[in-house]
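Take a look at the structure below.
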Amino acid sequence: MPVQLLKIIKGRSETPLPRHLQKVDLRHLREGFDHTNKYFEGIVILSYPVTKLGDGTDFFKVVLQDMDNSCSRINSINILIYGKMAEDCAQVICHGDTFVVAGFKLAKSPTAREDGRHGYHLEVSEEAASAIYIYSKQRITAASKTALVPVAPKYVYTPLNHLKDGTIVNLYGVVKFFKPPYISKGTDFCSVVTLVDPSNAKLTCSLFSGNLDSLPKIYKVGDIVRFHRIKIREYNGQMQGITSAGFASLAFDGTVGAPIVPRTSTKGYSFMDEEQKTVEDLRIWAASNLSISGPAAKLSGVQPMLFFDLTCQLVGKAKVDGSSFLLKVWDGTKCPYPTWKVPVEARDVEGEKGHLHRLRNLTVDILVYDNHVHLARSLKIGSFLRIYSIHTKQASADNEDASHIEFHLHGGTGYGRGIGVLPESNPDVKDLKVFLESVDLADSQDMESMSSVELDGTFYSDTDFESDLQRYQHLPVTVLTDHQDLNNTELKTILNSTAPQQYRIRAKLRTYKPQKLYQSVKLHCSKCNSLQEVPHGDKLALILQGSAITAPNPELCNTSWYDSVMWTTQDQKQRKITIHFVRHNEMIQQPQNALLMIEGGTLKEIWKLTKRFKCVIPVKSTEHDLELLDLSAPFLLQGNIKYYGCKQCSTPKPMKSLSSMAAERQPSWEPTEIAQVLGIEPLQYVFIMKFTLVDGTGALDAYLFDYEKFFKIPASEILTTDFLQQKMQMIMNALCPPGGKLDDSPWLECFIKSYNVRDAMKHQVYYQIFDTTIVEDVL
DNA sequence: TTAGGATTGG
């Protein structure tokens, strides 16, 4: 077959395909069959950016959906286009185009298990005498918008246990080991990084770049990285990663709950909400699956004859000889042992003389050797460093002098030995700066006499010191968002006063209920003021099962404002599922903006749909209209939030009421608006807790009724988001240390209101916390 | 190309 260039044809009848070509069905793609005169036709549902392979060949990947088998479990296939055709094709195709490929080569798809597409992919290139015909975009047809074919993210990330030799992949991982960038024996910088992920596989990567900045900015074990276009090779029976053309990386702090700020030198990188979730999930996984050593060592805590990583500031530096270089650093704490001073002339030390003198009792000399000299020489005075795997060497026993310790950074890169420069934005640097500024140099001068040997255990560890500091500073962990002008009132006075009144108080949290925090989340109707439990998933599953018994009414399919797709499950149950896609401007909206209604879906199926589509509404058919299910089920699912309506205050309307919203210029599908047009009084998620507060004059139970202001965590999201649950637990542990004495508890500053509750039998005064919030740095 | 994790010399 001759090489044919891409053709764009307006209507398919205008230029028919060559007559010798016969259409082949997805189901009939088999190895060993002769596909020479066959062509495959499908709809473009996804395409990826053109990339270059290791050898410089252009590469373009397109995913096609087979319209003849759109209801089959596997109805899409990857098309890999190489060389000139890749670029030609990428320039003209659009999502939704009809795409014909002839003269393809069939090969096993290495990604079939992950992407759920056909077990084979089609390879297309000029060399293989392939031809591609693209029919310009037509109005979306029913099958392509079933969009159970999801519009996948732009990048696919391969779990570490699915890596194949010779592929170029994108991946995420948690750093288990790393060597900070060093100058290799070749022409580039090198960094070696070992990653792990929840698949429990491990991947060691050798990363090279002439540009230091383009290597991943990893500062500690437990950091999370995202690599794009890393080449996978097999080496000594194990998979290995290596930089390929176009390699790019992002790195993130691995601390659960820390802000997710990508560290990268790449401009214009893509980073979606979904990827944010990936990072947070990996953090949580790593927290319980990766042993990350405790808080970093300080000079005050060094042990002789060991290796440690030191975060410090560079005060001075000097050349010693050809193979060693001196770094004078401090971290604000004092090393409890006498330390070795490297003999160099004071005039040969680069650094601010006055500063060097003032800090002389707090700085230590670190001698770095061989391959580290070059980098050490380039360091700027005042910069913040992390020096990895410093050896604390005790002076030899036969030395007549008093024993002292020496700090060496030996040559080589074993165990990640090396020097990393930390940016000012690094959280550890921020902490260190604050600490350095607080150091009273007069103290360290006085301590000089104590420095020889003080090993009787009277030194406080840093954690003791910090918790003491917090205890004595009396800084409250909650603050008022208003009423700053009020004075504090003692709890005794409040308890002896009549209600209703408002007070500012300063108290400690003795205990709280419920202790199981998930039990504190309820649903509240602001109209009738009722509270109810959040329905359990099992209950919802039952309601959905019940509604699936009602067969969808075909007359309610494909109306003026939505398009419907109906199919029957392949399993024994032969369940009928119908999805109604609401149209806007005669078009189905992009999945992330689209609203759909589903009949007969299971909880799992609905859950999956919410990952792709903005809004999902479970419905059932009646004789004349689609209707909401029983209000024990959510009237709407959006993201990972289920929205419920109040049974007492709602008057549900048929679904056609929604058509007016669809006709709006830009339907926002806001839950409150949807609720309104459907006659639903929405319930709000709320935290309800009882805090027992004490201040030395009395004890008072105050209720917390909080949508999200107090904890800065939306009550609506906590039940479905692990890391928010962890965060809330950490906040409560900070407010009320478990098992701790009251002395260890921090102060809370709160605004409370007293109010009367009377019934026929009795009268009681209650208290509620208002206008109060957790301080930013409580964790 | 370089490194391919796996301390300890000066």
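Residue numbers begin at 1 in each chain, while the letters A, B, ... track the order of the sequences. Values below: every heavy atom of this structure, side chains too, minus hydrogens, waters and symmetry copies.
With P as the reference atom, B:dG4 and B:dT8 are 14 Å apart, rounded to whole Å. Using atom P as the reference point in both B:dT2 and B:dA6, the two lie 16 Å apart (nearest Å).
Salt bridge status for A:E31 with A:K108: present, with a side-chain N to carboxylate O gap under 4.0 Å. A salt bridge is absent between A:K277 and A:E280; no separation between the charged side-chain nitrogens and carboxylate oxygens falls under 4.0 Å. Salt bridge absent: A:K430 and A:E424 never bring a charged side-chain N and a carboxylate O closer than 4.0 Å.
Distances from the side chain of A:S389 to the nucleotides B:dG4, B:dT7, B:dA6 place B:dT7 closest. The side chain of A:Q240 sits closest to B:dA3 out of B:dA3, B:dG10, B:dT2. Minimum atom distance to the side chain of A:R417 is reached by B:dT8, of the listed B:dG4, B:dT8, B:dT1. In the set B:dG5, B:dA3, B:dT7, B:dG5 carries the atom at the smallest distance from any side-chain atom of A:T194.
The nearest whole Å value for the distance from the CZ atom in A:F307 to the C1' atom in B:dG5 is 15 Å. Taking atom CG of residue A:D321 and atom P of nucleotide B:dG9, one finds them 17 Å apart after rounding to whole Å. At whole-Å resolution of the value, OH in A:Y235 and C1' in B:dG5 are 12 Å apart. In this structure, CD1 of A:I419 is placed 20 Å from P of B:dT7, rounded to the nearest angstrom. When rounded to the nearest whole Å, the span between NZ of A:K231 and P of B:dT2 equals 14 Å. Across the protein-nucleic acid pair, A:W340 atom CH2 and B:dG9 atom P stand 13 Å apart, rounded to whole Å. In this structure, A:E234 places its CD atom 17 Å from C1' of B:dA3, rounding to the nearest Å. Distance CG (A:L207) to P (B:dG5): 13 Å, rounded to an integer number of Å.
In terms of modelled atom types and a separation under 3.5 Å, the side chain of A:D58 and the main chain of A:K84 share no donor-acceptor contact. With A:Y337 contributing its side chain and A:Q394 its backbone, the two residues share no donor-acceptor pair below 3.5 Å. At distances below 3.5 Å, at least one donor-acceptor pair connects side-chain atoms of A:D331 with backbone N or O atoms of A:T333.
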Report, one line per pair, each donor and acceptor closer than 3.5 Å where one atom sits in a side chain of residues 313-330 of chain A; sequence neighbours left out.
residue: A:Q313; atom: OE1; partner: A:W330; partner atom: NE1; Å: 3.1
residue: A:Q313; atom: NE2; partner: A:G382; partner atom: O; Å: 3.0
residue: A:K317; atom: NZ; partner: A:R377; partner atom: O; Å: 2.6
residue: A:K317; atom: NZ; partner: A:L379; partner atom: O; Å: 2.7
residue: A:D321; atom: OD1; partner: A:S323; partner atom: N; Å: 2.8
residue: A:D321; atom: OD1; partner: A:S323; partner atom: OG; Å: 3.4
residue: A:D321; atom: OD1; partner: A:S324; partner atom: N; Å: 3.0
residue: A:D321; atom: OD1; partner: A:S324; partner atom: OG; Å: 3.1
residue: A:D321; atom: OD2; partner: A:S324; partner atom: OG; Å: 3.4
residue: A:K328; atom: NZ; partner: A:D365; partner atom: OD1; Å: 2.9

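Interface residues of residues 177-185 of chain A facing DNA chain B, ordered by number: A:F177, A:K179, A:Y182, A:S184, A:K185; criterion, heavy-atom separation under 4.0 Å. Within a heavy-atom distance below 4.0 Å of DNA chain B, the residues of residues 208-216 of chain A found are A:F208.
Looking at heavy-atom distances under 4.0 Å, A:T413 makes no contact with the nucleic acid at all. As judged by a 4.0 angstrom heavy-atom cut-off over every strand, A:L367 is placed among residues making no nucleic acid contact.
Among residue pairs with one or both ends in residues 222-253 of chain A, those qualifying as ring-ring contact (aromatic ring centres under 6.0 Å, His included) are A:Y155-A:H228, A:Y157-A:H228, A:F227-A:F247, A:F252-A:F271; sequence neighbours excluded. Sequence neighbours left out, not one pair with a member in residues 191-204 of chain A passes salt bridge (charged side-chain N to carboxylate O under 4.0 Å, His left out). Among pairs with a residue in residues 248-266 of chain A, those fulfilling salt bridge (charged side-chain N to carboxylate O under 4.0 Å, His left out) read A:D223-A:R263, at least two apart in sequence or across chains.
Residues A:K176 and A:F189 both approach DNA chain B. Their nearest nucleotides, taken by heavy-atom distance, put A:F189 toward the 5′ side. Along DNA chain B, the nucleotide nearest to A:G411 and the one nearest to A:G414 differ in position, and the one closer to the 5' end is contacted by A:G414.
Phosphate proximity of B:dG9 to A:K393: absent, as no side-chain N or O sits under 4.0 Å from OP1 or OP2.
For an aromatic pair to be called close, the ring centres must be under 6.0 Å apart, and A:H391 with A:F407 fails this.
Aromatic stacking of A:Y415 on B:dG5: not satisfied for centres closer than 5.5 Å together with planes under 30 degrees.
Evaluation of atom-type donor-acceptor distances gives a pair under 3.5 Å for the side chain of A:D370 against the base of B:dG10.
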